[in-house]
Each structure stands twice: as structure tokens, then as C-alpha cells.
Visitor: 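Quick one: the structure is below, questions incoming.
Each residue takes its place number in the sequence, starting with 1. Remember, it's a predicted structure, so these values are computed and weren't measured experimentally. Just follow the structure's listing: the first ligand is 1, and inside any ligand the first atom is 1.
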Amino acid sequence: MTNQTVTELIERSNRLGADKKNTNYAGGNTSAKGTDVDPVTGEEVELVWVKGSGGDLGTLTESGLATLRLDRMRALVNVYPGVEREDEMVAAFDYCLHGKGGAAPSIDTAMHGLVDAAHVDHLHPDAGIAIATAADGEELTAKVFGDKVVWVPWRRPGFQLGLDIAAIKEANPEAVGCILGGHGITAWGDTSEEAEQASLWIIDTAAAYIEANAKPEPFGPALEGYGALPEAERRAKAAALAPTIRGIASADRPMVGHFTDDAAVLDFLSSAEHPRLAALGTSCPDHFLRTKVKPLVLDLPAGATVEESVARLGELAVAYREDYQGYYDRNATPDSPAIRGADPLIVLVPGVGMFSFGKDKQTARVAGEFYLNAINVMRGAEGLSTYAPIDEAEKFRIEYWALEEAKLARMPKLKPLATRIALVTGAAGGIGKATAKRLAAEGACVVIADLDQAKAEAAAAEIGGTDVAIGVAADVSDEDAVQSMVDAAVLAFGGLDLVVNNAGLSLSKSLLETTAADWDLQHAVMAKGSFLVSKAAAKVLIEQGLGGDIVYISSKNSVFAGPNNIAYSATKADQAHQVRLLAAELGEFGIKVNGVNPDGVVQGSGIFASGWGANRAAVYGVEEKDLGKFYAQRTILKREVLPENIANAVFVLCSSDLSHTTGLHVPVDAGVAAAFLR
Ligand SMILES: NC(=O)c1ccc[n+]([C@@H]2O[C@H](COP(=O)([O-])OP(=O)(O)OC[C@H]3O[C@@H](n4cnc5c(N)ncnc54)[C@H](O)[C@@H]3O)[C@@H](O)[C@H]2O)c1
Ligand SMILES: [Zn+2]
């Protein structure tokens, strides 16, 4: 049975975390002290439950809590060696755990354990951080909250900060919490309800004060020419710039991107003070760990052309990397971890919006959310005073903290296709869907394109949420639709790496039965469609400069002269030759182009279900339901070919193991001697 104290803590945490005004995603932590029965002695034991490292308050469950013995936590004060060696106390927390201890204790555990209050919340509310980062934050705290909230000067989170806050609480019995300079807030109460009320009171009071007292244009007057472009223009420019920007953000290691044209971003970029404020960087440790100390800001007006913007972004990227290297060199000590890459994680484009990056879509999206938090913080701080984030030496001490490095080292190994963005056409079912699933399982973000939007979305939803897969409607034979599809992919995930030309349909007819319309339709979808998709996608791949893969799902019929198959087999042969032509042409950009030649994939195939199967069955004189087995018996291996077998071949072609292979066709047909390649 769950302890009542724990139940209340989870409920309070979930309520606080559900509202973005209270804390950023996965930011902050909560705790409760209480008693439970010690299974060893059968006696009551005093415990503290505190949100562990990682995870989000809004979705916190009991397994996300670390459970520590309060007597042992408090005894740590006696062996504390001083602020210079405070990091050693993190290892000491392991000796305070109750039972298996639950989740790993976070760096903020000391603050929760040492403050003499039964319930403690530590949060990163934008309104609170606005006061925490105001140049006169200490005076403002007194003015806004009177003696109910105490100012705590900036200090890197750790054991000493816990001791500081404990002392402040003791010296200020009337206080319900404090503002942590440059960082956030901490509040407390004797009951869970009291702590929650204190947190909300601090946050709401700060927000109301900013609302009532901020100057009218916190970011300065409007900058001529920097206003938001109309939506369609903005999105088109974002899509046109995205490949270049992803290339910039991926110079050291490939990144997935997220784009937002949130009104708050566009407003920030349209105001006179944005270059100065952006250069000051973010302040709350949670923010800059995900956004880097500062963003790259394109210093051109909204009306700048794509060409002008691309050229200038290139120059700014070089300058950004030099600046970041300088920051590292100025602040690193001999025992600092190695530089983790000098590329921006946030790129701001006036009139257009914000691109944010991370090792996967969720990380990229959250980085963007955090920069939005930082914009809100800057607006509040500048509205009341002057924004004064913590200085770069302190930022460096957090970014390259040994404890942060250890946390990164504990991260699970990346999957083979992590950071890669795949687009699979005709992927609402059959071979395409199996391929999209396999690529996603290997770590890729996938865009499922098919004729019907709802079917494409349903297939994407089978794979996961929109951080993993999205569905878009596109007819690959329509050039505009293909461009919109590629734009949608690029806006969803920042760019494109793997393109699978899979869309197709088959009408099995003899020469005399085949109409010109039959011919045109099959050639439009397969030969022309894959040409159009390859063309639009290759532009993105070339602009990114990160190489990539294009895979054609051709067919055994591209080389085998089967019966009653003139239009289909001819267009498959066209696709097969596109593989060789494009492999030769795109190699200089590091783009590999390969093909897969399936045969006899009956299960799951829409082509077979919609008449082709019945037709083939009639041609071969077997029952339709036995067609898969019939095909299997024709093969050398006597195995039925499934959509997953094709998907496996696509994955292998895109994996690093085949990094030196281009222009190849892989038969996945269980062995058909007549279709051997030579
Ligand atoms: N099934 C086989 O045995 C076999 C053998 C060799 C080659 N192939 C090829 O594999 C590919 C996939 O076939 P499948 O068997 O999974 O069939 P399928 O019918 O299940 O899948 C094809 C998908 O392409 C989509 N599509 C059709 N026209 C489109 C257009 N204009 N724009 C966008 N999407 C379009 C369809 O809606 C469908 O979802 C095809 O290119 C096919 O020729 C299949
Ligand atoms: Zn914090």
C-alpha cells in the first residue's frame, strides 16, 4: 500500500508540473518528509521522498522518487568537507538510501533534505526567474514579496546551496520560500497543501507584479523590417532555410531539428533589443544545458532572400564556433571534460521563427521550449529592470561540471539510425509501412507519405507519437505535392537523410489490353514519382551537406520479363536505372543510391489485395489465398517473402555497415534465378 505522504507528493507534483507557468519541462523537483515502517526493525523510520534525477513533475510516479533516511541525510552535515569538495556529497547520498532507494538522487537532494520543512518545492517558473535574473533582483524580491520570500544569491546547485537555504529558512521564520538568484524558486510548507500554496503564491505574485509594473515595450521599439512574415511565406522560407541550418547545427555531430514560429519568438525577433539580449544568453541551468549558452541569431531583416540568408548564416556559423571555442578556452581547467561540440542548438531567424536541435526530436523540441522560457524570463526581467543572467564562468562550471559529464556518460548508447530523418512514400501500408516501422525501430524519425492523409497519420500513430513519426498526404506524381511533402518533413524534423521511393501500384495486363491511361498512370507514380521525390529530396540532402541515402523499391520485374506486365515492368526498369544514374550523379555529395528488388510479397500488400493478386492467381492457375505459398514454391529458398524482409534490406542499405555501397540492387525474392543480376 502506498504511503499517504507519497500519494500526496505525487499528486502535488503532477498538479504543479501540468502547468507550464510553474516550471519548464522536466525542470524542478519536489519532496516530502514522513515516516514509514522499517522492514528490518519493524519500527517507524523518518524518510524523505524526493523527485529523482531526470523525469518530469507533470508525469511523476512513485518510481521517479528517490527515498532516503532522514537521520542519515542530516548526519551528512557532520562530514561535509566544504564547498570546494561539495560534489563528493552526491556519492554520499547513496549511503542514505532507504532500501533500494528508488530513482537516482539528483543534485538538488541536499536542498530538500536539509531544509527544515516537511514539504519542499523547487521550481523554475518564468515569472520567478524573471525576478531572479533582474539586475536588482534582491531589492525587487523585497518589494514584491515583503518578508515572505527571501533572496538567495546565485550559487551552483549542490550541498552548499542546500545549507544556505536551510539557514535562510531558520533565520526567517515568516518566509514561505526564496528566490534563487539567476535560477528559480524554492518554497516550503508544513503540509503538502501549504507547500503547494506557497509555490503558487510566489509564482502568481511575481507574474502579477510583472504584469502591473513592466514597461510597455520590454524588448524595445519595433525594428523596421524585422516583423513576422505572413504565415505561408514564413513557412516557405523556414523550409527553404532548414537544410542549411541543420547542416550548421550538425557540423560536429548530426542533429534532429524542431521549428516553431510561436508569436513570442517572432515578437522577440522583431524588437530592437533582441541582438543584445540574445547575446547575453540564458540563465537558469536547465535552460542553457539544453540551449547552449547563447543562440545563433541571423542579423538580416525578414525580407532577406533565401540566398542572402544562406550566405550570411554560413558566415555566422563560423563566428559562432569561434566564439564558443573562445568561451571553452577561457573557462576550461586542466580537469574539465573535452569540448562537446561548438555548434549552436538554437538558431533564430527574424520574421520566420526558431530552429532548435537535439540528439532526437524530443530533445530538439524541448530545447525550443526552453528558449521560449528564456524569452519569457528576459521579457519579465527587462520589463522591471535589466536582464542580468549569471556570468559565463558560472555557466561553464555547470555545462562542463564533472557531475553533468557523468550524467551524459550514463545515457544509453544511440541506436544505429539515431538522428536520421527518413521519408518513405506509399507507407500507409504494405512494404512501405513495414519499412517505416523498421527505420523508426532503429532510431530514425520517419515521415510517412501516402495518398490519404488519415491513412498516413494512422500508420504514423502505430509507430509512435509525433516526435517519432508523422503522416503527410502526397501524390508523388504531382510536383507541387512532392515539394509540400518534403517541406513538411523538413519543418517537422529539421531536414532529411533517408528517402525510400516505395509508392507504387500495379495493373497486370497484356500489351493489347494495356491502355495509354494504364501506361501513363503507372509511369506517373513510379518512374516520374520517384524522379520527382529524388529531385526534391536531393536538393535538401545537398544543402545539408550530411550525405544521405535514397533507396528505390524497384522489383524483380525490373529485370525479369514476366507475363502480362508491360507497363508495370517497364516503369520498374525505369526506376532501376534511376538508381544507377543517381548513384553516379550524387556520389560527390556523399549520397548513396541503392535499390531493392522484391518479389511475391502477398501478405500486407495493397497491390495484391486490390485485384493484382486475383489476376496473378488466375495467370498462374492457383487460388488467390495460396498465392504467397505458390510464389514461395517457385523460389530457390522456398520461403515466402514478407514486407519485413524488404524493410530489413532497406535498413541494411542505410546502415553504416554498407557505407561504401552505392548503385546496388538487392534482390529480396527468396531466390529467383531468372532475376539474378549480372
Ligand atoms: N508486393 C510485391 O510483391 C512487390 C514486388 C515488387 C515490388 N513491389 C513494389 O513495392 C512497393 C510497395 O508495394 P506494396 O506491395 O507494399 O503495395 P501497397 O499497395 O500495399 O503499397 C503501395 C502504397 O503506395 C501508395 N500509392 C499509390 N500511388 C501513390 C501516389 N501517386 N502517391 C503516393 N502514394 C501512392 C498506395 O496508397 C499504397 O499505400 C511498390 O512500388 C511495388 O511496386 C512490390
Ligand atoms: Zn533548479
Visitor: By residue and atom, what protein N/O/S atoms are less than 2.8 Å from the Zn ion (ligand 2)?
Guide: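 For the Zn ion (ligand 2), the protein N, O and S atoms that sit under 2.8 Å away are His122 NE2, His124 NE2, His183 NE2.
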
Visitor: In residues 556-564, what donor-acceptor pairs under 3.5 Å come from side-chain atoms, sequence neighbours left out?
Guide:
residue: Lys556; atom: NZ; partner: Asp599; partner atom: OD1; Å: 3.4
residue: Lys556; atom: NZ; partner: Asp599; partner atom: OD2; Å: 3.3
residue: Ser558; atom: OG; partner: Ser555; partner atom: O; Å: 2.7

Visitor: Between Ser31 and His112, is any side-chain donor less than 3.5 angstrom from a side-chain acceptor?
Guide: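 Yes.
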
Visitor: Between Pro598, Gly504, Gly606, flag the one that comes closest to atom 27 (C) of ligand 1 by a heavy atom.
Guide: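 Looking at heavy atoms only, the winner is Gly504.
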
Visitor: Which residue owns the protein heavy atom closest to atom 30 (C) of ligand 1, what's the atom, and how far is it?
Guide: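 I find the closest protein heavy atom is Leu451 CD2, 3.4 Å.
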
Visitor: Just by modelled atom types, is the Val377 backbone N or O under 3.5 Å from a matching donor or acceptor in the Asp126 side chain?
Guide: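 Side chain of Asp126 to backbone of Val377, a donor-acceptor pair under 3.5 Å: no, none is there.
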
Visitor: Mind checking whether Asn502 has a heavy atom under 4.0 Å from ligand 1?
Guide: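 Within the 4.0 Å threshold, so yes.
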
Visitor: Tell me the salt bridge (charged side-chain N to carboxylate O under 4.0 Å, His left out) pairs involving residues 13-26, sequence neighbours left out?
Guide: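 Those involving residues 13-26 are Arg15-Glu196, Asp19-Lys21, Lys21-Asp204.
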
Visitor: Any Lys/Arg nitrogen of Lys395 or Glu392 sitting under 4.0 Å from an Asp/Glu carboxylate oxygen of the other?
Guide: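 Salt bridge between Lys395 and Glu392, a charged N being under 4.0 Å from a carboxylate O: no.
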
Visitor: Determine whether any heavy atom of Gly529 lies closer than 4.0 Å to an atom of ligand 1.
Guide: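 No, Gly529 has no heavy atoms under 4.0 Å from ligand 1.
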
Visitor: Of the protein's non-hydrogen atoms, which lies at the shortest distance from atom 4 (C) of ligand 1, and what is that distance?
Guide: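 Ranked first by proximity to atom 4 (C) of ligand 1 is Ile431 CD1, 4.1 Å.
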
Visitor: Among all the protein's non-hydrogen atoms, which is closest to atom 39 (O) of ligand 1, and how far away is it?
Guide: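 Looking at atom 39 (O) of ligand 1, the protein heavy atom closest to it is Asp450 OD2, 2.6 Å.
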
Visitor: Decide whether an N or O pair under 3.5 Å exists between Leu505 and ligand 1.
Guide: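 No, since none of the N or O atoms of Leu505 sits under 3.5 Å from an N or O of ligand 1.
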
Visitor: Any donor and acceptor pair, going by atom type alone, linking the side chain of Asn376 with main-chain N or O of Asn373 inside 3.5 Å?
Guide: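 It does not hold such a pair.
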
Visitor: Is the closest heavy-atom distance from Lys572 to ligand 1 below 4.0 Å?
Guide: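 Checking ligand 1 against Lys572, which is what was asked, there is a heavy-atom contact under 4.0 Å.
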
Visitor: Does ligand 1 have any atom that is closer than 4.0 Å to a heavy atom of Gly600?
Guide: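 Flag set, Gly600 near ligand 1.
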
Visitor: Have Tyr387 and Ser283 got a donor and an acceptor in their side chains that come within less than 3.5 Å?
Guide: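 No - no donor-acceptor pair under 3.5 Å links their side chains.
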
Visitor: For the pair Lys572 (side chain) and Ile553 (backbone), establish whether a donor and an acceptor sit closer than 3.5 Å, ignoring hydrogens and angles.
Guide: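 Yes, because the side chain of Lys572 sits within donor-acceptor range (under 3.5 Å) of the backbone of Ile553.
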
Visitor: Check for me whether Ala434 has a heavy atom closer than 4.0 Å to any atom of ligand 1.
Guide: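 No.
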
Visitor: Does atom CD of Gln633 have more than 12 heavy-atom neighbours, drawn from other residues, nucleotides or ligands, at distances under 6.0 Å?
Guide: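 Counting other residues, nucleotides and ligands, CD of Gln633 exceeds 12 neighbours.
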
Visitor: Identify, for atom 3 (O) of ligand 1, the protein heavy atom at the shortest distance, and state residue, atom and that distance.
Guide: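 For atom 3 (O) of ligand 1, the nearest protein heavy atom comes out as Val601 N, 2.7 Å.
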
Visitor: Can Trp154 and Asp391 be counted as having a side-chain donor-acceptor contact under 3.5 angstrom?
Guide: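 Side-chain D/A pair, Trp154 to Asp391: absent.
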
Visitor: Can you list the atoms of ligand 1 that are under 4.0 Å from a heavy atom of Gly430?
Guide: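 Per the distance check, 16 (O), 20 (O).
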
Visitor: Over all heavy atoms of both residues, which pair between Val486 and Ala537 is shortest? Give the atoms and the distance, please.
Guide: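 Shortest heavy-atom contact: CG2-N, 4.3 Å.
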
Visitor: Which residues pass the side chain to side chain contact (heavy atoms under 4.5 Å, CB included) test with Lys407, not counting sequence neighbours?
Guide: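 Once residues adjacent in sequence are excluded, the partners of Lys407 under the side chain to side chain contact (heavy atoms under 4.5 Å, CB included) criterion are Ser53, Glu404, Arg410.
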
Visitor: Of the side chain and backbone of Ala474, name the one, both, or neither that has a heavy atom under 4.0 Å from an atom of ligand 1.
Guide: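 The part of Ala474 near ligand 1 is the backbone, not the side chain.
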
Visitor: Below a 4.0 angstrom heavy-atom separation, can you tell me which part of Val525, side chain or backbone, both or neither, approaches ligand 1?
Guide: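 Under 4.0 Å from ligand 1, Val525 contributes side-chain atoms alone.
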
Visitor: Quick one: does Ile553 get a heavy atom under 4.0 Å from ligand 1?
Guide: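 Right, Ile553 reaches ligand 1.
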
Visitor: What residue and atom, counting heavy atoms only, is the protein's closest point to atom 15 (O) of ligand 1, and at what distance?
Guide: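 Heavy-atom neighbour on the protein nearest atom 15 (O) of ligand 1: Ser605 OG, 2.7 Å.
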
Visitor: Quick one: which ligand 1 atoms are inside 4.0 Å of a heavy atom on Ala503?
Guide: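 Those qualifying, in numeric order: 24 (O), 33 (C), 34 (N), 35 (C), 41 (O).
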
Visitor: Nearest protein heavy atom to atom 13 (O) of ligand 1, by residue and atom, and its distance?
Guide: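 I find the closest protein heavy atom is Ile607 CD1, 3.6 Å.
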
Visitor: Atoms of ligand 1 less than 4.0 Å from Asp475 heavy atoms?
Guide: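 Answer, ordered by atom number: 30 (C), 31 (N), 32 (N).
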
Visitor: For Lys509, I'd like to know if atom NZ has over 12 heavy atoms of other residues, nucleotides or ligands within 6.0 Å.
Guide: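 It does: Lys509 NZ has more than 12 such atoms within range.
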
Visitor: Answer side chain, backbone, both or neither: which part of Ser554 comes under 4.0 Å from ligand 1, heavy atoms only.
Guide: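 The part of Ser554 near ligand 1 is the backbone, not the side chain.
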
Visitor: How are the rings of His122 and His124 set relative to one another: parallel (under 30°), tilted (30 to 60°) or perpendicular (over 60°)?
Guide: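 Perpendicular: the ring planes of His122 and His124 meet at over 60°.
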
Visitor: Is there side-chain contact between Val476 and Val525, with at least one heavy-atom pair below 4.5 Å?
Guide: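 Contact flag for Val476/Val525 side chains = yes.
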
Visitor: Among all protein heavy atoms, pick the one closest to atom 8 (N) of ligand 1 and tell me residue, atom and distance.
Guide: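 The answer is Tyr568 OH, 3.6 Å.
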
Visitor: So do the side chains of Asp518 and Glu513 get within less than 4.5 Å of each other, counting heavy atoms only?
Guide: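 The answer is no; the side chains never approach within 4.5 Å.
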
Visitor: Scan side-chain atoms only and decide if Ser530 and Asn501 contain a donor-acceptor pair under the 3.5 Å cut-off.
Guide: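 No.
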
Visitor: Tell me which protein heavy atom sits closest to atom 21 (O) of ligand 1, plus the residue, atom name and distance to 0.1 Å.
Guide: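 Its nearest protein heavy-atom neighbour is Gly426 O, 4.1 Å.
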
